Asks: 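Sharing a structure with you now.
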Amino acid sequence: MNKKIKIILWAFFIGLIVIATWSLMPMKSLQNSESENTEDIDSDLIVVGFSQLGSESDWRSANTKSIQNALTKENGFSLIFSNGRQSQENQIKDVRSFIFQEVDYIIIAPVTETGWDTVLNEAREAGIPVIILDRMIDTEDESLYVASVGTDKYAEGKTAGLWLEKYLKEQKSGYDALQENDPFSEVTLQDESGQNTDIINIVVLEGTLNSTAQIGRSKGFEDIAVLHENWNILAFENGDFTKAKGKEVMLKYLQKFDDIDILVSQNDDMTFGAIEAIQEAGLKCGVNGKIKVISFDAVSKAFDMMEAGLINVDIECNPLQGPRIAQIIECLEKGEAFEKISYVKEQVFEAKDAGIERFARSY
Ligand code: AHR
């Protein structure tokens, strides 16, 4: 056999091995490359593909855990988890991969609201029910998903505004009472807090733009803010729900504005970064500081900060949504009715109660 024929035969032989290995690969390896599933898919169980939008915050970790704890093998589920790493493109790939794997259900926690119709149509054509988690999608065709489980982000924003309204009222009545008894009190009180009916300068750290959490919380807060002529919103900027970006934007705010009274930070991670920025600038925030802090989520570390007096109030966003998802899938399996849109319960936590309230919490 001459050398040329030998090389061709070897190339042919190696090609055959590559094709055989590829075709024998288990389903799992055909998943999106970002998939973090550690176990093999068990098709005797209910197979669920879960596209989580990322791992940007403590809240997100608690939300992921809640789904993983609810959809366990013991409970009859085989879960394929995929991390979208803050990219809708990745999430769309995840969904297509789930469709390819013929899962029984798809859960999507969408990073932003628009642009889901095409891929959800593909899921529908494949006969796979889709459940939307945490945030919402913006679509004209509500039949593209069977259910949504999350929190009312608009109500959260409004609650933040109402809390500030109440806080400023309390400050004002404290100020009035003090003035009646002590005509010199004005100087002291204004020196310490400067908060009464004066202009209230507010900066907002927004979460990922066009996400339900950003849209809802901004709109909810603004709807209360417009009712108060003395609330002056100096800036809204995107801190992307991360500690690093929160710190970066807060540093910018501190360089630009020298009279910030209120920080509204749309999640705890951004708040942690912002507090670092405030402290590094040599300023004080929270209960005894000049800058009052309103945060969202109420994760465990935020309770530490409330106890330390660094955050005034935290509007909860409850990540424990797994049990409701499991319930809905059970209903679908049995052909039973369920609420299409469900919100999990939430509370508001103030610094003064943080020490006691935290004992009843699991994240
Ligand atoms: O969509 C929920 C928000 O997303 C949480 O407030 C935040 O921490 C997360 O990143």
Side-chain angles (χ1 to χ4, degrees), residues 54-62 86 156-157 160 163-164 167-168 171 188-195 198-209 211 213-214 217-218 221 225 231-317 349-352 354-355 358 363:
S55 48
E56 73 287 1
S57 61
D58 286 4
W59 186 96
R60 188 65 50 200
S61 309
Q86 302 294 317
E156 290 164 3
W163 181 86
L164 182 57
Y167 172 80
L168 294 172
Q171 291 292 105
T188 322
L189 199 93
Q190 282 191 338
D191 275 348
E192 276 176 4
S193 74
Q195 315 236 355
D198 291 346
I199 296 294
I200 305 298
N201 287 321
I202 302 168
V203 290
V204 181
L205 283 175
E206 287 191 295
T208 309
L209 296 185
S211 68
Q214 177 267 319
R217 289 171 191 165
S218 296
F221 184 77
W231 291 20
N232 178 29
I233 301 185
L234 296 166
F236 278 95
E237 242 192 77
N238 179 13
D240 227 2
F241 286 129
T242 66
K243 183 180 170 190
K245 201 77 205 293
K247 184 170 180 178
E248 186 188 310
V249 178
M250 191 67 206
L251 278 171
K252 241 170 55 185
Y253 284 165
L254 291 167
Q255 279 159 7
K256 203 162 161 194
F257 311 111
D258 57 9
D259 191 21
I260 299 171
D261 298 306
I262 309 288
L263 163 65
V264 178
S265 167
Q266 290 181 354
N267 90 335
D268 281 339
D269 287 72
M270 290 191 296
T271 307
F272 304 150
I275 289 175
E276 273 186 21
I278 292 169
Q279 290 176 332
E280 282 171 23
L283 298 170
K284 282 191 180 155
C285 64
V287 179
N288 297 312
K290 153 93 170 102
I291 304 175
K292 306 298 171 199
V293 181
I294 301 175
S295 191
F296 291 83
D297 284 355
V299 296
S300 169
K301 195 173 157 199
F303 276 82
D304 296 342
M305 299 226 166
M306 278 194 278
E307 280 200 78
L310 295 169
I311 296 176
N312 293 71
V313 66
D314 216 309
I315 318 298
E316 185 183 33
C317 177
F349 300 101
E350 291 189 292
K352 63 179 166 53
R358 71 177 316 159
Y363 60 93

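Any value given below was found using the heavy atoms of this structure, including those in side chains, with hydrogens, waters and symmetry copies removed. Everything numeric here is computed off the predicted structure, so don't read it as measured data.
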Asks: Please identify each residue that fulfils side chain to side chain donor-acceptor pair (under 3.5 Å) with Asp297, with sequence neighbours left out.
Replies: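 Side chain to side chain donor-acceptor pair (under 3.5 Å) check on Asp297 returns nothing, list empty.
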Asks: Which residues pass the side chain to side chain donor-acceptor pair (under 3.5 Å) test with Glu156, not counting sequence neighbours?
Replies: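 Residues passing side chain to side chain donor-acceptor pair (under 3.5 Å) with Glu156: Thr151, Arg217.
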Asks: Report yes or no: does Asp314 contribute a side-chain atom to a donor-acceptor pair with the main-chain N or O of Ala298 at less than 3.5 Å?
Replies: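 Answer holds: yes.
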Asks: List in chain and number order the residues that pass side-chain contact (heavy atoms from CB on, under 4.5 Å) with Glu307, two or more places apart in sequence or in another chain; answer none if no residue qualifies.
Replies: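 Expected list: Ala354, Arg358.
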Asks: Applying ring pair (Phe, Tyr, Trp, His ring centres under 6.0 Å), which residue pairs with at least one partner in residues 234-267 are found, sequence neighbours left out?
Replies: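 Output for this query is empty, none listed.
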Asks: Begin from the C-alpha positions of Thr242 and Ser57 and carry the test side chain to side chain contact (heavy atoms under 4.5 Å, CB included) through to its verdict.
Replies: CA-CA 6 Å; Thr242 66; Ser57 61; over 6 Å; no
Asks: Would Val264 and Leu205 count as a side chain to side chain contact (heavy atoms under 4.5 Å, CB included) here? Give the steps.
Replies: CA-CA 6 Å; Val264 178; Leu205 283 175; over 6 Å; no
Asks: When rounded to the nearest 0.5 angstrom, what distance separates CZ in Arg60 from CG in Asn267?
Replies: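 So the CZ of Arg60 and the CG of Asn267 are separated by 9.5 Å.
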Asks: What distance separates Lys245 NZ from Met270 CE, expressed to the nearest 0.5 Å?
Replies: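 Separation between the atoms: 10.0 Å.
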Asks: Within the 4.5 Å heavy-atom criterion, are Lys284 and Gln279 side-chain neighbours or not?
Replies: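 Of all side-chain heavy-atom pairs linking Gln279 with Lys284, none is under 4.5 Å.
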Asks: Do Ser300 and Tyr363 make a side-chain contact, defined as non-hydrogen atoms from C-beta onward lying under 4.5 Å apart?
Replies: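 No; the side chains remain at least 4.5 Å from each other.
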Asks: Do side-chain atoms of Asn312 reach the backbone of Val293 as a donor and acceptor pair under 3.5 angstrom?
Replies: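 Yes; judged by distance alone, with no hydrogens or angles, the pair exists.
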Asks: Within the structure provided, determine whether Lys290 and Asp259 are in side-chain contact (heavy-atom separation under 4.5 Å).
Replies: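 Lys290 reaches Asp259 side chain to side chain.
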Asks: Excluding sequence neighbours, so at least two apart, what forms side-chain contact (heavy atoms from CB on, under 4.5 Å) with Ala225?
Replies: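 Listed in chain order: Phe221, Trp231, Ile233.
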Asks: If you define the side chain from C-beta out and look only at heavy atoms, does anything of Leu254 sit under 4.5 Å from Ile291?
Replies: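 Leu254 vs Ile291: side chains touch.
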Asks: Quick check for you: to the nearest 0.5 Å, what is the distance between Met306 atom CE and Ile311 atom CD1?
Replies: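 Going from CE on Met306 over to CD1 on Ile311, the span is 6.0 Å.
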Asks: Check salt bridge (charged side-chain N to carboxylate O under 4.0 Å, His left out) between Lys256 and all other residues, then give those that pass, not counting sequence neighbours.
Replies: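 Testing Lys256 for salt bridge (charged side-chain N to carboxylate O under 4.0 Å, His left out), a comparison that skips the adjacent residues, returns none.
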Asks: What residues form a side-chain contact (heavy atoms from CB on, under 4.5 Å) with Ala308, not counting sequence neighbours?
Replies: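 Residues passing side-chain contact (heavy atoms from CB on, under 4.5 Å) with Ala308: Leu310.
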Asks: Hey, could you give me the CD1/CG distance between Ile200 and Leu234, rounded to the nearest 0.5 Å?
Replies: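 CG of Leu234 is found 11.0 Å from CD1 of Ile200.
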Asks: If you define the side chain from C-beta out and look only at heavy atoms, does anything of Ile294 sit under 4.5 Å from Leu263?
Replies: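 Side chain of Ile294 against side chain of Leu263, heavy atoms only: no contact under 4.5 Å found.
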Asks: Quick check: closest heavy atoms across Gln86 and Gly54, and the distance to 0.1 Å?
Replies: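 Shortest heavy-atom contact: NE2-CA, 3.9 Å.
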Asks: Can you list everything that forms a salt bridge (charged side-chain N to carboxylate O under 4.0 Å, His left out) with Glu350? Sequence neighbours excluded, please.
Replies: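 If we apply the salt bridge (charged side-chain N to carboxylate O under 4.0 Å, His left out) test to Glu350, skipping adjacent residues, the hits are Lys166, Lys352.
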Asks: Give a yes or no on whether the backbone of Asn201 and the side-chain of Asp261 come within a donor-acceptor separation of less than 3.5 Å.
Replies: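 Yes, the answer is positive, given that a donor and an acceptor are paired below the 3.5 Å cut-off.
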Asks: Taking Val287's backbone N and O only, do any of them form a donor-acceptor pair with Lys292's side chain (distance below 3.5 Å, no angle check)?
Replies: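 It does hold such a pair.
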Asks: Taking atom types as modelled, find out whether Asp240 and Thr208 have a side-chain donor-acceptor pair closer than 3.5 angstrom.
Replies: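 Judged by distance alone, the side chains do pair up.
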Asks: Is there a side-chain contact between Ile262 and Leu164 (heavy atoms, below 4.5 Å)?
Replies: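 Ile262 reaches Leu164 side chain to side chain.
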Asks: Does a side chain donor of either Gln266 or Gln214 reach within less than 3.5 Å of an acceptor in the other side chain?
Replies: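 Gln214 and Gln266 do not have a side-chain donor-acceptor pair below 3.5 Å.
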Asks: Would you check if Asn238 and Val249 make a side-chain contact, meaning some heavy-atom pair closer than 4.5 Å?
Replies: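 No. Closest side-chain heavy atoms not under 4.5 Å.
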Asks: Hey, could you give me each pair passing ring pair (Phe, Tyr, Trp, His ring centres under 6.0 Å) that has a residue in residues 282-316? Not counting sequence neighbours.
Replies: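 Those involving residues 282-316 are Phe303-Phe349.
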Asks: Under the side chain to side chain donor-acceptor pair (under 3.5 Å) test, which residues partner Ser265, sequence neighbours left out?
Replies: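 With neighbours one apart ignored, the set is Thr271.
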Asks: Using the side chain to side chain donor-acceptor pair (under 3.5 Å) criterion, which residues pair with Asp268? Sequence neighbours excluded.
Replies: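 Once residues adjacent in sequence are excluded, the partners of Asp268 under the side chain to side chain donor-acceptor pair (under 3.5 Å) criterion are Ser295.
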Asks: Under 4.5 Å between any side-chain heavy atoms of Glu237 and Lys252, yes or no?
Replies: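 Side chain of Glu237 against side chain of Lys252, heavy atoms only: contact under 4.5 Å found.
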Asks: Only counting residues at least two apart or in another chain, list the ones meeting side-chain contact (heavy atoms from CB on, under 4.5 Å) with Lys301.
Replies: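 side-chain contact (heavy atoms from CB on, under 4.5 Å) list for Lys301, sorted by chain: Asp58, Lys243, Phe272, Asp304, Met305.
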